[in-house]
Amino acid sequence: MKKRVERLRGMHDTLPEAYQHQRWVTDSLSTFLAQAGYATVDAPILEYSDLFLSSFGQELWQNLYAFRLHQRDLCLRPEYTASICRLYLDHYQQQPLPQRFQYAGPIFRYEAPGRNRYRQHTQLGVELFGGQTIFADAEIVQLACDMLQKLHITQYRLELGHIGVASGFIKRLRLDDHAARLLLSLMEQISRSEEGERAAQARLEALYPGNTAEEQSEDTTARGAKGAVSELETRFMSSLLNGISISFGDDAVRNEVVERFLWKVGRGEQRRQILHALEFMRALHALSGSPPLVFDELRALLARYELDEQPLAELEQLVAIVEQCGVHQQQIVLNLSLGRGVSYYTGLVFEIHARDEDGFEAQLCGGGRYDQLMRAIGSNRDINACGFAFGIERLLPLLSQNDLPKNEYTQALVIPVSQSDVPYALQVARSARLQGLRIEVDVNGHGVGAGLKVAVKKQIALAMIVGENEQRIQGVTLRDLQTGEERVTPVDALAEIVPHKEQRL
RNA sequence: GUGACCGUAGCUCAAUAGGUAGAGCACUGGAUUGUGGCUCCAGCGGUUGUGGGUUCAAGCCCCAUCGGUCACCCCA
């Protein structure tokens with residue numbers, strides 16, 4: 001076999017049917033957003049890597065398609081938000097706020113490909129700059145839901161969260177900035193699973209490494225180091241873990257986890273604070289659920305920790321508005337441990353999930369509020385901003401076939417009788433197209449019989465046979481491939497005849 | 001990133017226990033030089049993903065690597 005250049009891993013080709021469907025979805029949603037005042041813009045696919053530093057921290061740096069070219073650090077955009085913010089700063093600062101933008105196009109992330117997951121995929125989204133927080137938040141969440149409505153996708157789950165709760169808590173811990181940010185970005189991972197917590201733990205450990213000599217001695221005599229951890233600390237951790245009922249297999253395993261954690265995290269004040277934060281995040285996660293009940297429970301939790309109720313009040317208003325737009329309470333899940341991958345969110349965060357017909361659940365949409373991103377990428381003032389983006393490829397499997405457009409199939413194939421009739425065939429095709437028909441020409445150069453075979457194989461309903469006889473009268477022999485019926489038709493009249501013939505199919 | 005399974009013609013797949021690599025579809029030509037679908041005939045097509053190893057002998061066994069699928073992990 002000849003060596004063939006393969007398609008890149010995680011990249012996909014878009015074939016005619018999928019392309020049509022994708023364009024239909026994009027057009028429908030874009031039209032809808034334009035009705036809401038969102039002007040379509042686009043930005044370069046390639047940007048300076050620095051643009052994405054604040055959104056993709058060091059943790060996600062490896063997920064960028066970044067490279068160095070001519071002494072410049074460049075990067076294929078991993079998302080639109082930062083680019084649109086840059087676009088705003090470059091062109092719109094003199095315009096009055098709020099400003100609304102929509103976009104659609106490819107983005108790139110270097111990740112392990114999987115089902116419904118590509119290294120290049122298409123995002124369609126909006127950014128809303130300025131406006132009052134609660135109203136702007138409500139507008140975009142409502143838009144996201146209405147867009148699904150527009151596509152007749154009704155079975156979905158709307159997850160709402162608010163970074164303000166956890167960040168309010170962390171702020172009080174007086175952690176250093178780096179630790180606080182890391183903790184926040186790990187929140188979702190921590191609350192998801194035992195394994196996730198362990199991974200997060202490792203990252204936090206790296207932040208406050210213990211005494212090197214002690215660690216080495218632990219490696220050689222793991223059990224011998226036991227005495228170094230105080231009885232009190234072990235019991236505290238133990239009861240903490242008990243309280244939030246995580247299953248650890250058996251006591252030995254749990255003790256091991258507790259011990260290693262306390263040991264490795266180091267012994268400073270920071271460690272105690274982090275433990276505190278972990279506990280709080282667990283509690284937040286445990287309380288996720290649907291309104292209205294969950295609000296009471298969350299309010300009680302915030303009161304217990306003496307935290308500001310403002311974020312919760314915002315969410316409550318938001319839920320009320322979203323419900324008025326036809327989203328059922330059962331579809332809404334409040335999850336204050338929702339973190340989202342990127343690190344710039346400051347307030348509302350939300351995601352929309354849905355299950356396809358195979359029962360596979362995928363995230364369709366994600367977004368939130370990021371009031372400090374503008375400053376992070378070089379603005380000299382903060383500009384309130386929020387937005388969201390849909391993954392177009394993930395919407396496609398959820399669409400009903402009835403809604404999707406039919407393929408633009410070819411209506412007739414022009415078959416030249418002999419090679420000398422090709423110029424006339426092309427002329428006929430051109431004339432028919434000018435009349436609005438979709439016409440292909442058989443360019444195989446092998447006669448009428450073979451030409452008709454081509455038409456059948458390609459499932460084209462009509463053939464236009466053209467030779468000397470037809471050219472003499474400026475006509476075609478129009479043959480119906482289904483009935484075998486033939487009639488000679490003037491080229492000028494094709495537009496009237498062809499559509500009628502087709503309807504027989 | 002981790003684990004499991006898989007990789008043979010353009011596509012879908014065969015190949016006994018390790019013993020000379022096959023079929024259908026598709027494609028090209030013909031039966032049919034201005035009339036198709038059906039049929040028949042012929043042709044084209046391969047370093048068995050790649051590299052190493054074991055063996056008298058490897059598509060098959062072993063190792064590595066690349067790619068694919070699924071489940072985790074993570075994300076849209």
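Here is how names work: the chains are called A, B, and so on, in the same order as the sequence lines, proteins then strands, and each is numbered from 1.
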Glu486(A) atom CD is separated from rU35(B) atom P, nearest whole Å, by 10 Å
Among the nucleotides rA76(B), rG1(B), rU35(B), whichever has the atom closest to the side chain of Leu452(A) is rU35(B)
Regarding the side chain of Lys453(A), the nearest nucleotide among rU35(B), rC73(B), rA31(B) is rA31(B)
With the side chain defined as heavy atoms from C-beta on, Lys457(A) is closest, among rC27(B), rG37(B), rC75(B), to rC27(B)
Margin query: If we count only N and O atoms by modelled type, under 3.5 Å, do the side chains of Thr133(A) and Glu314(A) hold a donor and an acceptor together?
Written below: no
The nucleotide from rU35(B), rG37(B), rC75(B) with an atom nearest the side chain of Ile465(A) is rU35(B)
Regarding the side chain of Thr477(A), the nearest nucleotide among rU35(B), rA76(B), rG36(B) is rU35(B)
Separation of rA76(B) atom C1' from Leu398(A) atom CG, nearest Å, is 13 Å
Closest of rG37(B), rC75(B), rG34(B) to the Arg109(A) side chain is rC75(B)
Item to check | Glu159(A)/Arg157(A) ion pair, N-O < 4.0 Å | outcome: yes
Per nearest nucleotide of RNA chain B, the residue lying toward the 5' end, Asn116(A) or Pro113(A), is Pro113(A)
Per atom distances to the His121(A) side chain, the nearest of rA76(B), rG34(B), rG36(B) is rA76(B)
Check nucleotides 42-45 of chain B for protein N or O atoms closer than 3.5 Å to its own N or O atoms and list the pairs.
none

Within residues 420-429 of chain A, the residues having a heavy atom closer than 4.0 Å to RNA chain B are none
Whole-Å distance, His446(A) NE2 to rU32(B) C1', equals 13 Å
Mate of rC13(B) across any strand shown (Watson-Crick or G-U wobble, both atom pairs under 3.5 Å) is rG22(B)
By salt bridge (charged side-chain N to carboxylate O under 4.0 Å, His left out), Glu468(A) pairs with (sequence neighbours left out) none
Re rA42(B): Watson-Crick or G-U wobble partner, both distances kept under 3.5 Å, found to be rU28(B)
From the list Ile415(A), Leu462(A), Leu452(A), side chain to side chain contact (heavy atoms under 4.5 Å, CB included) with Arg479(A) holds only for Leu452(A)
Judged by nearest nucleotide, the residue sitting upstream toward the 5' end of RNA chain B, Gln123(A) or Gly10(A), is Gly10(A)
Ile415(A) atom CD1 is separated from rG37(B) atom P, nearest whole Å, by 13 Å
Exam field: side chain Ser290(A) to backbone Ile332(A), donor-acceptor pair closer than 3.5 Å = yes
Have a look at Gly484(A) and say if it touches a base, only the backbone sugar-phosphate, or nothing, with a 4.0 Å heavy-atom cut-off. base
Between rG36(B) and Arg479(A), counting only base atoms on the nucleotide and side-chain atoms on the residue, is there a donor-acceptor pair under 3.5 Å?
yes
To the nearest angstrom, the CZ-P distance between Arg9(A) and rC66(B) comes to 9 Å
